[in-house]
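To keep things clear, I will list the structure first and then write my remarks on it.
Chain letters run A, B, ... following the sequence lines, proteins first and then strands; every chain starts at 1.
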Amino acid sequence: MYAEIIVLRNHANLDQLFTYTVPLNLEAVITVGSRVMVPFGGESLEGVVWHLAHETSVEAAKLKAILFCFEPTLSLPETLLNVTAFMKETYLSTHAEVLQLLLPTGTLVEAVQQYTFITDEPLAHTKATPSIKQLASWIQDAGVCEENMIDIPFSQALVKRNLKQLVALNVLSEKTVYVQKVKDRYVSRYHAEDITDQTRASIPAHYHAKHRALDYLIKHPDGKLSVLREGARISKSVIDWLKHDGLIKVTEVEDRRMPSFMESVSAKKSVQLSPDQTTVVGAVRKHFLEAPTMPVLLRGVTGSGKTEVYMALIDSMLKVGRRAIYLVPEIALTPQMVSRLAKRFGASRIALMHSKLSAGERFDQWKAMREGSVDIVIGARSAIFAPIDNIGIIIIDESHEHSYRSERRPKFDTYEIAKYRALQEKALLIEGSATPSIDSVHEVLNGRRQMFALEKRYNVHEPPKPEIIDMRQELTAGNRTILSRRLYEAIEERLERGEQSIIFLNRTGHSTFVTCRSCGYTLTCPNCDITLTYHKHENKMSCHYCQYESFVPRNCPSCGSSYFKHFGVGTEKLEETLKKFFPHATIGRMDRTTTSRKGSFEAILERVETEEIDILVGTQMIAKGLDFENVTLVGIISVDLLMNMPHFQAGEMTYQMVQQVSGRAGRGALPGEVILQTYQPEHYAINCETYHAFYEHEIALRQRLNYPPFCRMVNLLFLSRSEATAEDYAEKTFQYLKANLFKKDLHSMVEIFPAHPALLKKIDGNYRFQVLMKVQSEGYEAVKGWVDKLQTRFVSISDCKINIDLNAKNIL
DNA sequence: AGCACGCCGACT
DNA sequence: GTCGGCGTGCTC
């Protein structure tokens with residue numbers, strides 16, 4: 001028997017099937033989708049079986065045998081092999097690249113050559129070079145060794161060559177051993193030894209980091225090393241010092257526990273649907289019977305009970321023996337979803353899948369799914385690759401969220417994969433949102449999706465309409481602070497009435513930067529050519545794109561002026577300002593810094609819930625899901641940065657954000673108020689009365705400017721260490737494409753823009769130039785073909801890489 | 001991609 | 001004679 005295999009090495013040259021013979025002992029276990037180890041050009045690699053055959057056209061001399069086959073529960077189901085092929089086609093990636101995304105833990109084992117010393121006797125009879133002699137004696141001392149352990153001052157290539165010779169001379173014996181790759185199942189824990197005041201006194205006071213570390217250790221003598229690092233805000237070097245001086249003991253502990261919320265199994269609770277929900281569930285069921293391949297869009301604001309509808313639909317699928325995939329936009333939302341579904345269907349039937357699972361957990365979840373013992377898979381976007389069969393329903397909750405698009409290669413869109421899987425399994429695909437994306441609604445209006453609405457909010461007021469404050473007028477009136485007079489008064493009112501406020505600060509597209517007031521010089525990253533972001537806590541500047549960090553100079557490096565100040569508002573600055581204005585109020589802050597520690601997110605929520613916090617300041621994090629009855633005011637500090645992003649979806653994103661944040665006010669008996677500050681009070685994204693009005697405005701704009709959904713944006717990015725090279729390739733490609741598109745009579749369907757530097761011209765030492773095309777759907781396949789050819793050509797070009805985005809959204 | 005193989009120049 | 005560097009071509 002022969003097996004045709006895709007090897008898991010991501011390179012265009014290797015993206016083909018390689019044929020191997022199946023040894024007799026594996027014939028019974030091997031299947032299509034099996035994960036195997038195979039010999040491949042001097043080494044051994046992991047591969048996935050694509051076909052099994054009884055014949056082959058490959059000459060016998062070339063064929064090698066499969067070395068090893070992993071257990072059946074690790075193999076890929078055939079449906080996922082189809083998904084792989086689909087993704088390769090759709091995103092022009094390699095099989096290996098897609099497979100690495102789908103498989104639970106990359107490569108599981110590694111084959112290593114092991115050498116044992118036998119005798120140096122043959123060396124006496126041959127002329128041995130100095131490097132051979134040295135190698136032989138090194139291994140004689142070591143006894144047994146692996147190649148990468150050998151430490152002698154000769155090139156790796158030479159060591160390799162010499163090892164072969166020594167084996168041929170019978171000086172060494174050679175053996176292949178399989179090394180289990182270290183899996184992420186272990187976690188480093190520390191235990192603090194006795195730390196006394198004496199210890200602390202011995203450290204000079206100006207060693208702030210060391211003192212932070214000791215203070216932290218006194219409070220938390222045991223814990224995870226990573227938590228210590230974050231909690232005490234210390235670097236690796238301080239950890240090393242602690243270890244070296246014996247202040248902590250570090251041990252590797254196996255970390256295989258299941259996510260804790262998975263353990264509690266609750267009794268099933270029967271649910272009473274509201275009339276609206278019952279109607280929608282019935283309508284969706286009917287629709288599925290009549291048009292099973294047409295996806296469903298469920299419109300309904302937060303709190304309208306979409307989840308109940310999903311659960312009812314899942315229930316009916318489970319009853320006929322089919323399974324469900326439930327996707328949520330963020331990993332943070334999975335626990336609450338799991339517990340809700342566990343209460344209804346029982347925890348043992350649920351699997352969890354997302355990128356933050358430890359290798360052990362992921363492994364366990366994968367096995368459970370593969371064995372068929374779970375019926376519902378919940379997770380973030382990667383859960384769309386759940387290795388389950390017989391899917392009856394795929395749910396994409398809050399489908400407008402941008403996290404459903406992967407920004408890493410392969411740049412997939414979860415909806416596209418979901419649609420493919422739903423079609424393959426004849427399953428119902430249902431997406432839900434309060435503010436559906438323009439694309440979704442456009443599809444509905446074109447008869448490609450079916451919309452159902454669930455509009456009523458229960459026990460909740462309609463989301464209040466924002467009151468728009470013109471910040472330009474604030475400036476003319478002499479108010480230079482970030483709070484408008486109106487918002488100030490509104491907060492003050494809440495404080496007097498004992499109600500709570502949420503102040504939202506949009507940070508998307510926002511940076512806190514340092515600039516010279518005298519000459520305008522701004523600190524930028526030397527690698528990426530973008531503005532460095534200021535972090536007050538560490539008093540450091542850092543780059544968002546690479547790891548570059550720098551201290552803040554006292555004076556301007558350009559003109560020497562001391563008017564060198566940081567600008568822009570961060571949550572910290574906002575919190576400070578509020579403290580100054582309302583010294584008696586309790587202010588809570590929620591952003592990435594304050595919630596990095598485990599449980600701190602919940603702790604802050606708790607303080608809001610118990611009404612200890614009067615004013616909650618925060619970023620995106622507080623935009624969704626928070627449900628507090630006593631919050632009657634939402635202030636939005638500025639939407640301008642979002643509105644003005646260099647992005648065709650800026651309007652859509654602004655609208656969605658404002659809707660979401662506004663929904664946080666007036667969720668209880670008291671009506672809510674939303675105050676929105678801006679420098680462009682007339683902007684359409686904040687002035688539409690209804691979603692429908694917004695859609696009409698936005699879609700007209702998209703059509704006029706020829707943006708998606710009226711075209712596909714295909715972006716070609718050229719990367720090179722040299723600016724001239726990147727520009728050159730971009731320019732040549734532009735000319736080439738332009739000439740060929742005209743020849744092929746595609747020019748009426750493709751708008752091509754000249755080569756130009758990307759907005760972020762340099763990232764991590766690479767210069768970036770791009771060529772953008774807007775492609776009408778009739779011309780898309782042809783353009784894709786051209787682009788694919790282009791990509792193949794670039795395989796052999798070493799000084800310039802091409803990065804293709806066939807469905808570009810943000811072009812930075 | 002990784003790795004052998006082979007040729008050339010440098011160095012002992 | 002030995003070794004490192006780099007360009008080329010192949011991997012079932």
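Counting only distance, with no hydrogens or angles, the side chain of A/Arg381 and the backbone of A/Arg405 share a donor-acceptor pair below 3.5 Å. Using modelled atom types, one side-chain atom of A/Lys784 and one backbone atom of A/Glu89 make a donor-acceptor pair closer than 3.5 Å. Side chain of A/Arg421 to main chain of A/Ala386: a donor-acceptor pair is present (N/O by atom type, distance under 3.5 Å, no hydrogens or angles).
Residue pairs satisfying the side-chain hydrogen bond (donor to acceptor under 3.5 Å, both in side chains) criterion with at least one member in residues 56-73 of chain A, sequence neighbours excluded, are listed as follows: A/Glu71-A/Thr73.
Phosphate contact (OP1/OP2 of C/dG4, side-chain N/O of A/Ser155, threshold under 4.0 Å): present. The shortest distance between the side-chain N/O atoms of A/Thr129 and the OP1/OP2 oxygens of C/dC3 is below 4.0 Å. For the pair A/Ser131 and C/dT2, the criterion of a side-chain N or O lying under 4.0 Å from OP1 or OP2 is not met.
With rounding to whole Å, A/Arg409 atom CZ is found 12 Å from B/dA1 atom P. In this entry the distance linking CD of A/Glu43 with P of B/dA1 reads 13 Å, nearest Å. Rounded to a whole Å, the CD atom of A/Glu59 is 10 Å from the C1' atom of C/dC12. The interatomic distance linking A/Glu46 (CD) with B/dA1 (P) rounds to 20 Å, in whole Å. A straight line from CD1 of A/Ile152 to P of C/dG4 spans 9 Å, rounded to a whole angstrom. As a whole-Å value, the separation of A/Asn13 CG from C/dC12 P is 14 Å.
Across C/dG4, C/dC12, B/dC3, the shortest atom-to-atom separation from the side chain of A/Phe154 is found for C/dG4. Among the nucleotides B/dC3, C/dC12, C/dT11, the one closest to the side chain of A/Tyr20 is C/dC12. Ranking C/dG4, C/dT2, B/dA1 by closeness to the A/Leu158 side chain, first place goes to C/dG4. Here the nucleotide nearest the side chain of A/Arg9, chosen from C/dC3, B/dG2, C/dT11, is B/dG2.
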Derivation and outcome, ring-ring contact (aromatic ring centres under 6.0 Å, His included), residues A/Tyr729 and A/Phe769: CA-CA 9 Å; A/Tyr729 277 111; A/Phe769 279 75; over 10 Å; no
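Contacts of A/Gln16 with the nucleic acid, taken as non-hydrogen atoms under 4.0 Å apart, are absent.
For the atom pair A/Thr129 OG1 and A/Arg161 CZ, the distance stands at 9.5 Å (nearest 0.5 Å).
For A/Phe412, the ring-ring contact (aromatic ring centres under 6.0 Å, His included) partners two or more places apart in sequence, or in a different chain, are A/Phe385.
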- prompt: Reading nucleotides 4-12 of chain B 5' to 3', which nucleotides get B (base under 4.0 Å from a protein heavy atom), which S (sugar-phosphate only), which -?
  reply: S--------
